[in-house]
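To start, the structure under review is shown below, and the notes come after it.
Only heavy atoms go into these numbers, but all of them, side chains included; no hydrogens, no water, no symmetry mates.
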Amino acid sequence: MTTLVAGGAWVRFDGVRIDACGTGLPPASASAATHASTHDQTTELGDALLFPGFVDLQVNGVGAVDFATARDARAIAGALDTMTAHGTTACLPTIVTAALDDYDTMLDRIRAARDLDDAAARCTILGVHLEGPFLGGAPGAHPKHLLRPVEIDWLAALLDRHSDLVRMVTLAPEADPDLAATRLLHERGVIVALGHSTCSYAEAVRAADAGARAVTHLFNGMRAMHHRDPGLAEAALVDDRLTPSVIADLHHVSAASLRLALAAKERVVLVTDAVAPAAGTSGGLEIVERDGAVYLPDGTLAGSVIHMDDAVRNVARLAIPMERVARLAATNACEVLGDPTRGRIEPGRRADLVAIDPTSLSVVGVWLAGAHVA
């Protein structure tokens with residue numbers, strides 16, 4: 001039995017799951033009272049803040065490791081180790097638009113990383129996020145020559161082969177005009193996120209009617225908001241069925257726009273949309289890191305270089321209450337995924353926890369399924 005005491009609160013867990021939690025001093029556990037066991041351990045973390053482990057639904061790579069082109073499963077594991085040290089305890093490795101023939105190889109490599117013998121010691125792969133190739137009028141940094149309308153037979157066959165892995169797909173309504181792919185994915189239990197689209201508000205609502213439940217990186221990869229001609233951004237903020245993600249690096253979205261999104265909607269998800277700048281390419285396109293973000297040579301934003309703890313700091317410094325920051329960084333993502341095992345500090349949930357210094361907002365400890373891993 002382990003008890004963490006931090007910032008006037010405590011969390012007790014026995015192995016994988018949280019056993020109890022509360023404020024003030026922890027009561028003596030039944031185990032300790034009965035056994036006076038040396039297996040019981042209390043860790044004092046001073047005034048640190050305890051968060052549920054961060055969950056990143058969109059991360060393309062870290063450092064020199066692009067999840068789509070990594071040399072092998074061990075390279076992916078190394079990137080996940082880095083993410084774990086920054087408080088991310090679960091994620092969806094993300095693959096940007098690629099040639100159709102390349103997806104099996106990329107997915108098999110990520111599966112191999114998920115299934116490594118020591119995978120329990122690092123950030124959990126909850127599945128894969130396919131961002132493309134069925135995108136529309138706002139391609140951003142995706143290779144335009146590989147974008148295409150939905151090919152439903154290919155998609156159904158891919159899901160048959162990788163039903164254990166494909167967890168989220170970003171597509172554009174204009175690439176799925178009859179909504180066949182949206183309905184197929186929804187029926188198969190895959191989260192449909194709308195993105196890289198110039199669709200109208202009405203088209204976004206019809207996609208939500210067909211099963212879309214998320215919107216990828218709000219304000220990016222969509223047309224600008226307009227008070228007489230609403231589009232995907234407005235749908236993301238007013239349709240209760242849609243949960244928008246937002247890249248909180250303060251490059252993709254300004255502080256003012258971030259405040260607007262958080263004021264407009266309670267259920268928003270922080271993502272990094274991190275890429276691997278040291279890899280030199282993303283989706284086969286050349287990228288360069290500059291001024292805290294990553295760009296194509298023509299100046300198009302191509303991703304971030306942040307970790308989830310950076311996103312947490314950026315949002316917290318906007319005077320957002322820390323309880324809400326925890327929901328933005330963990331709880332809301334788990335609700336999108338329909339995962340009742342993570343994302344909250346409460347009895348029965350996994351003991352995936354992050355301790356944060358209250359002044360610097362830096363990570364000072366990470367526990368994954370009850371094990372102290374960073």
_Looking at Pro230, is its backbone amide N or carbonyl O close enough to the side chain of Arg223 to form a donor-acceptor pair, meaning the two atoms are under 3.5 Å apart?_
yes
*Please report the C-alpha distance between Thr3 and Thr43 in whole Å, then the side-chain angles of each, then the deciding distance to 0.1 Å, and finally whether the side chain to side chain contact (heavy atoms under 4.5 Å, CB included) criterion is met.*
CA-CA 6 Å; Thr3 302; Thr43 300; over 6 Å; no
*asked:* I need the His86 NE2 to Ile306 CD1 distance, nearest 0.5 Å.
replied: 11.5 Å
*Just wondering, do Met322 and Phe51 contact through their side chains at under 4.5 Å, heavy atoms?*
yes
*Let me see the working for Gln58 and Thr170 under side chain to side chain contact (heavy atoms under 4.5 Å, CB included), right down to the final yes or no.*
CA-CA 10 Å; Gln58 185 175 8; Thr170 292; 5.9 Å; no
*Got Val65 and Thr82 here, is their nearest side-chain heavy-atom distance under 4.5 Å?*
no
*Below 4.0 angstrom, N of the basic side chain to O of the carboxylate: do Asp178 and Arg183 qualify?*
no
*Taking all heavy atoms of Ala276 and all of Ile287, pick out the closest pair and write down the distance.*
O-CD1, 3.7 Å
_Please evaluate residues Phe54 and Leu270 with respect to the criterion side chain to side chain contact (heavy atoms under 4.5 Å, CB included), reporting the C-alpha separation (whole Å), side-chain torsions for both, the decisive distance (0.1 Å), and the verdict._
CA-CA 9 Å; Phe54 307 144; Leu270 300 183; over 6 Å; no
_Hphob cluster co-occupancy, Leu130 + Leu135, side-chain heavy atoms under 4.5 angstrom_ = no
_Do Asp102 and Ile95 make a side-chain contact, defined as non-hydrogen atoms from C-beta onward lying under 4.5 Å apart?_
no
*Give the cluster check for Leu232 versus Val150: same hydrophobic cluster or not, with ILVMFWY residues linked at side-chain heavy-atom distances below 4.5 Å.*
yes
_So for atom CG, which belongs to Asp298, do other residues, nucleotides or ligands contribute more than 12 heavy atoms lying within a distance under 6.0 Å?_
yes
*Taking the side chain from Thr331 and the backbone from Gly343, do they hold a donor-acceptor pair closer than 3.5 Å?*
yes
*Please answer whether the main-chain N or O of Glu266 pairs with a side-chain N or O of Arg324 as donor and acceptor at a distance below 3.5 Å.*
yes
*Are Met106 and Leu126 connected in the hydrophobic side-chain network, where two residues link if heavy atoms are under 4.5 Å apart?*
no
_Same cluster or not: Leu301 versus Val215, using hydrophobic residues (I, L, V, M, F, W, Y) connected whenever any side-chain heavy atoms lie under 4.5 Å apart?_
no
*Side chain Lys144, main chain Pro139, donor-acceptor under 3.5 Å*: no
*Pro93 to Phe67 - nearest heavy-atom pair and separation*: CB-CD1, 3.8 Å
*asked:* As a test of understanding, state which of Arg267, Arg327, Arg344 forms a side chain to side chain donor-acceptor pair (under 3.5 Å) with Glu335.
replied: Arg344
*Close side-chain approach of Val128 to His162, heavy-atom, < 4.5 Å*: no
*Rounded to the nearest 0.5 Å, how far apart are OG1 of Thr243 and CG of Leu218?*
11.5 Å
_Asn220 side chain vs His252 backbone, donor-acceptor pair below 3.5 Å_ = yes
*Please lay out, stage by stage, how His372 and Gln41 fare under the test side chain to side chain donor-acceptor pair (under 3.5 Å).*
CA-CA 12 Å; His372 187 198; Gln41 176 182 352; over 6 Å; no
*Are Arg241 and Asp239 within salt-bridge range, i.e. N to O under 4.0 Å?*
yes
_Single-linkage hydrophobic cluster Val11~Met1, side-chain heavy atoms < 4.5 angstrom_ = no
*Salt bridge or not for Asp104 and Arg111, using N-O below 4.0 Å?*
no
_Atom pair CD (Glu323) and CD1 (Ile320), whose distance is rounded to the nearest 0.5 Å_ = 12.0 Å
*Measure the shortest side-chain to side-chain distance between Ile356 and Val363 over non-hydrogen atoms and say whether it is less than 4.5 angstrom.*
yes
*Could you check Asp273 against Asn60 for side chain to side chain donor-acceptor pair (under 3.5 Å), going step by step and ending with a plain yes or no?*
CA-CA 6 Å; Asp273 194 24; Asn60 307 279; 2.9 Å; yes
*Inter-residue atom distance Asp108.CG - Tyr103.OH, 0.5 Å rounding*: 14.5 Å
_Looking only at the aromatic ring of each residue, does the gap between the centers of His196 and His142 stay below 6.0 angstrom?_
yes
*Considering only NZ, NE, NH1 and NH2 on the basic side and carboxylate oxygens on the acidic side, decide whether Asp160 and Arg188 come within less than 4.0 Å.*
yes
*Indicate the atoms forming the closest heavy-atom contact of Val96 with Gly283, along with that distance.*
CG2-CA, 3.5 Å
*asked:* Treating Arg349 as the side-chain partner and Pro340 as the backbone partner, does any N or O pair qualify as donor plus acceptor under 3.5 Å?
replied: yes
_How long is the straight-line distance from CG of Leu368 back to OG1 of Thr124, given to the nearest 0.5 Å?_
5.0 Å
*asked:* I need the single residue from Thr88, Thr94, Thr272, Thr89 that forms a side chain to side chain donor-acceptor pair (under 3.5 Å) with Asp56. Which is it?
replied: Thr272
*CG on Leu185 to CG on Leu159, rounded to 0.5 Å*: 5.5 Å
*Would you indicate whether the side-chain heavy atoms of Thr84 and Val366 approach each other to under 4.5 Å?*
yes
*Identify the two heavy atoms, one from Ile345 and one from Leu50, that lie closest to each other, and give their separation to 0.1 Å.*
CD1-O, 3.7 Å
*Do the side chain of Asp176 and the main chain of Ala181 share a donor and acceptor less than 3.5 angstrom apart?*
yes
*asked:* Test your reading of the model: is there a side-chain donor-acceptor pair from His129 to the backbone of Leu57, 3.5 Å cut-off?
replied: yes
*asked:* Would you say that Thr182 contacts Pro173 through its side chain, given a criterion of any heavy-atom pair below 4.5 Å between the two side chains?
replied: no
_Glu174 (side chain) donor-acceptor with Gly137 (main chain) under 3.5 angstrom_ = yes
*Run the salt-bridge test on Asp310 and Arg313 with the 4.0 Å N-O cut-off and return the result as yes or no.*
yes
_Nearest atoms (heavy-atom pairs only) where Ala113 meets Ala119_ = O-CB, 4.1 Å
*Side chains of Arg74 and Leu116: closer than 4.5 Å at any heavy-atom pair?*
yes
*Indicate yes or no: does Arg167 engage Asp339 in a salt bridge with an N to O separation below 4.0 Å.*
no
*Which atom pair, heavy atoms only, marks the closest approach of Ala98 to Pro133?*
O-CB, 4.2 Å
_Evaluate Met225 against Phe219 for side chain to side chain contact (heavy atoms under 4.5 Å, CB included), listing each step before the verdict._
CA-CA 8 Å; Met225 295 176 69; Phe219 303 131; 3.5 Å; yes
*Backbone N or O of Leu242 within a donor-acceptor pair of the Arg213 side chain at under 3.5 Å?*
no
